[in-house]
Number of protein chains: 2
Amino acid sequence: MARIRHRSLDCSPGCAVEATLQLIDGKWKGVILYHLLAEAPDGALRFNGLRRRMPNVTQRMLTNQLRELEADGFVHRTVYAEVPPRVEYRLTARGRSLEPVIRALKAWGDAHAALPTETEAA
Amino acid sequence: MARIRHRSLDCSPGCAVEATLQLIDGKWKGVILYHLLAEAPDGALRFNGLRRRMPNVTQRMLTNQLRELEADGFVHRTVYAEVPPRVEYRLTARGRSLEPVIRALKAWGDAHAALPTETEAA
DNA sequence: CAGAATCCTCCGCGATACTG
DNA sequence: CAGTATCGCGGAGGATTCTG
């Protein structure tokens with residue numbers, strides 16, 4: 001598993017929230033997970049396939065985040081011994097279990113486009 | 001609204017996920033929101049009330065995160081002109097709209113305690 | 001095509017001390 | 001009680017170059 005980003009959890013019941021956030025935190029992890037989830041049914045994506053869907057990520061960071069997702073057991077990496085090389089990324093069962101979380105994040109983002117609306121003010 | 005943490009969003013549909021994550025990212029925001037949501041029905045909490053629920057946060061960071069949540073329109077801050085001072089924090093409507101997100105985060109954290117289970121391996 | 005290796009910058013976060 | 005004010009570090013993450 002990836003290194004602990006934040007040393008200690010302060011375990012009140014809120015601890016679970018904190019713990020989950022730590023795992024999907026990392027600038028690109030949420031989006032990666034989203035794209036893998038979106039490729040139904042057994043959504044496998046290749047490295048450059050992911051890059052194409054995320055124009056602003058550098059290879060260094062994409063590799064980096066994928067490795068962490070792999071270490072945390074969310075993503076499985078399949079390397080085909082071919083030339084040119086082919087590598088596929090797909091979600092593990094654990095990765096798929098994050099679907100409700102990602103859906104909630106996306107739903108909220110879609111609904112509350114960016115800025116606070118006036119009706120939400122108070 | 002708080003400063004943009006990550007410069008540019010790469011707006012594919014995954015953008016919404018990224019945008020939401022940016023707002024609740026910040027080491028303590030998730031837990032703060034959780035505790036405010038947990039205090040039903042109109043859950044107001046005072047500064048030290050929050051501190052008590054989050055043993056590991058420093059005042060500096062608690063203040064900091066609360067200010068950002070306020071700037072992002074999630075939390076309302078009420079100052080009572082009294083001695084000793086009293087300040088209450090409560091969620092705005094926008095803040096309450098995050099409930100499904102926080103619930104999803106907590107549900108996942110509770111279910112998948114920490115480490116990957118074997119059944120989740122593949 | 002899918003990366004590895006380096007270098008470097010910025011700022012999130014913590015520790016500590018002081019205050020109306 | 002509910003903050004501010006400083007100081008400093010560690011590491012996330014970007015830019016660039018090279019490779020099987």
Side-chain angles (χ1 to χ4, degrees), chain A residues 1-10 18 21-32 35-36 44-72 75-90, chain B residues 1-10 18 21-32 35-36 44-72 75-90:
Chain A
M1 185 162 314
R3 93 272 90 152
I4 306 306
R5 204 176 313 268
H6 307 308
R7 254 6 100 79
S8 54
L9 300 176
D10 74 330
E18 198 179 347
L21 269 176
Q22 288 189 18
L23 291 175
I24 60 176
D25 159 36
K27 183 164 176 186
W28 307 100
K29 291 189 186 175
V31 206
I32 294 175
H35 285 300
L36 286 175
L45 283 176
R46 302 178 57 175
F47 190 80
N48 280 349
L50 279 167
R51 287 195 74 185
R52 234 169 286 122
R53 285 149 221 261
M54 304 163 61
N56 293 324
V57 72
T58 63
Q59 332 105 324
R60 172 174 160 20
M61 280 315 293
L62 183 53
T63 305
N64 189 319
Q65 303 280 288
L66 281 168
R67 288 297 194 283
E68 289 195 14
L69 288 172
E70 191 188 0
D72 286 330
V75 163
H76 183 65
R77 180 164 174 268
T78 312
V79 184
Y80 296 89
E82 302 174 357
V83 169
R86 180 160 59 106
V87 178
E88 283 186 352
Y89 293 92
R90 75 186 65 233
Chain B
M1 183 160 316
R3 91 275 88 149
I4 307 305
R5 204 177 311 270
H6 306 309
R7 253 8 99 81
S8 53
L9 299 175
D10 74 330
E18 198 179 347
L21 269 176
Q22 288 189 17
L23 291 174
I24 59 176
D25 160 33
K27 182 163 176 187
W28 307 99
K29 291 189 186 174
V31 207
I32 294 175
H35 285 301
L36 286 175
L45 283 176
R46 302 179 56 175
F47 190 81
N48 280 348
L50 280 166
R51 287 195 75 185
R52 235 169 286 120
R53 285 149 220 263
M54 304 163 60
N56 294 325
V57 72
T58 62
Q59 331 104 325
R60 173 176 166 6
M61 280 315 293
L62 183 53
T63 305
N64 188 315
Q65 303 279 288
L66 282 168
R67 289 297 193 281
E68 289 196 14
L69 288 172
E70 191 187 0
D72 286 331
V75 163
H76 184 66
R77 180 165 174 266
T78 312
V79 183
Y80 297 89
E82 304 174 355
V83 168
R86 180 161 59 106
V87 177
E88 284 186 353
Y89 293 93
R90 75 185 65 234

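First the proteins, then the strands, lettered A, B, ... as listed; each starts at 1.
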Exercise for the section: Report yes if at least one side-chain N or O of A/Y89 is closer than 4.0 Å to OP1 or OP2 of C/dC1; otherwise report no. Expected result: no
Practice task
To the nearest 0.5 Å, tell me how far A/K27 NZ sits from B/D25 CG.
Solution key: 11.0 Å
Exercise for the section: Provide, to the nearest angstrom, the distance between the CD atom belonging to B/Q65 and the C1' atom belonging to D/dA2. Expected result: 17 Å
Problem - Spacing of B/L50 atom CG relative to D/dC1 atom P, expressed in whole Å - result: 14 Å
Practice task
Could you tell me whether B/Y80 contacts a base, only the sugar-phosphate backbone, or nothing, with contacts defined as non-hydrogen atoms closer than 4.0 Å?
Solution key: nothing
Handout entry: From C/dC1, C/dG3, C/dG20, nucleotide with atom closest to A/N48 side chain
Key = C/dC1
Practice task
Using only side-chain N and O atoms of A/R77, determine if any of them is under 4.0 Å from OP1 or OP2 of C/dG3.
Solution key: yes
Handout entry: Any A/T58 side-chain heavy atom under 4.5 Å of A/T63 side chain
Key = no
Exercise for the section: Return yes when atom CZ of B/R52 has more than 12 non-hydrogen atoms of other residues, nucleotides or ligands closer than 6.0 Å, and no otherwise. Expected result: no
Problem - A/R60 vs C/dT6: side-chain N/O to OP1/OP2 distance below 4.0 Å - result: no
Handout entry: Nearest listed nucleotide, side chain of A/P85, among D/dG14, D/dG20, C/dA15
Key = D/dG20
Handout entry: Separation of D/dG11 P from A/D25 CG (nearest whole Å)
Key = 15 Å
Exercise for the section: Can you pull out how bent the helix from C/dC1-D/dG20 to C/dG20-D/dC1 is, comparing the axes over its first five and last five pairs, to 10°? Expected result: 60°
Problem - Rounded distance in Å - CG (B/N56) to P (C/dC13) - result: 14 Å
Practice task
Looking only at side-chain atoms of A/R46, point me to the closest of C/dA2, D/dG3, D/dA2.
Solution key: C/dA2
Problem - Whole-Å gap separating C1' (C/dA15) and CD (B/Q59) - result: 10 Å
Exercise for the section: Answer with base, sugar-phosphate or nothing: what part of the nucleic acid does B/R51 contact at a heavy-atom distance below 4.0 Å? Expected result: nothing
Exercise for the section: Return the value, rounded to whole Å, for the distance between atom CG of A/N64 and atom P of D/dG11. Expected result: 14 Å
Handout entry: Interatomic distance, A/L66 CG vs D/dG13 C1' [rounded to whole Å]
Key = 15 Å
Problem - Side-chain (B/R53) to main-chain (B/G49) donor-acceptor, under 3.5 angstrom - result: yes
Completion exercise
dist B/L66:CG -> B/M61:CE (nearest 0.5 Å) comes out at 10.5 Å
Handout entry: Within 6.0 Å of CZ in A/R77, more than 12 heavy atoms from elsewhere
Key = yes
Handout entry: Nucleotide nearest A/M61 when distance is taken to its side chain, options D/dC1, C/dA4, D/dG14
Key = D/dG14
Practice task
Using atom types as modelled and distance alone, determine if a side-chain donor or acceptor of B/Q65 lies under 3.5 Å from a backbone N or O of B/W28.
Solution key: yes
Handout entry: Distance in angstrom units between B/K27 NZ and D/dC9 P, rounded
Key = 18 Å
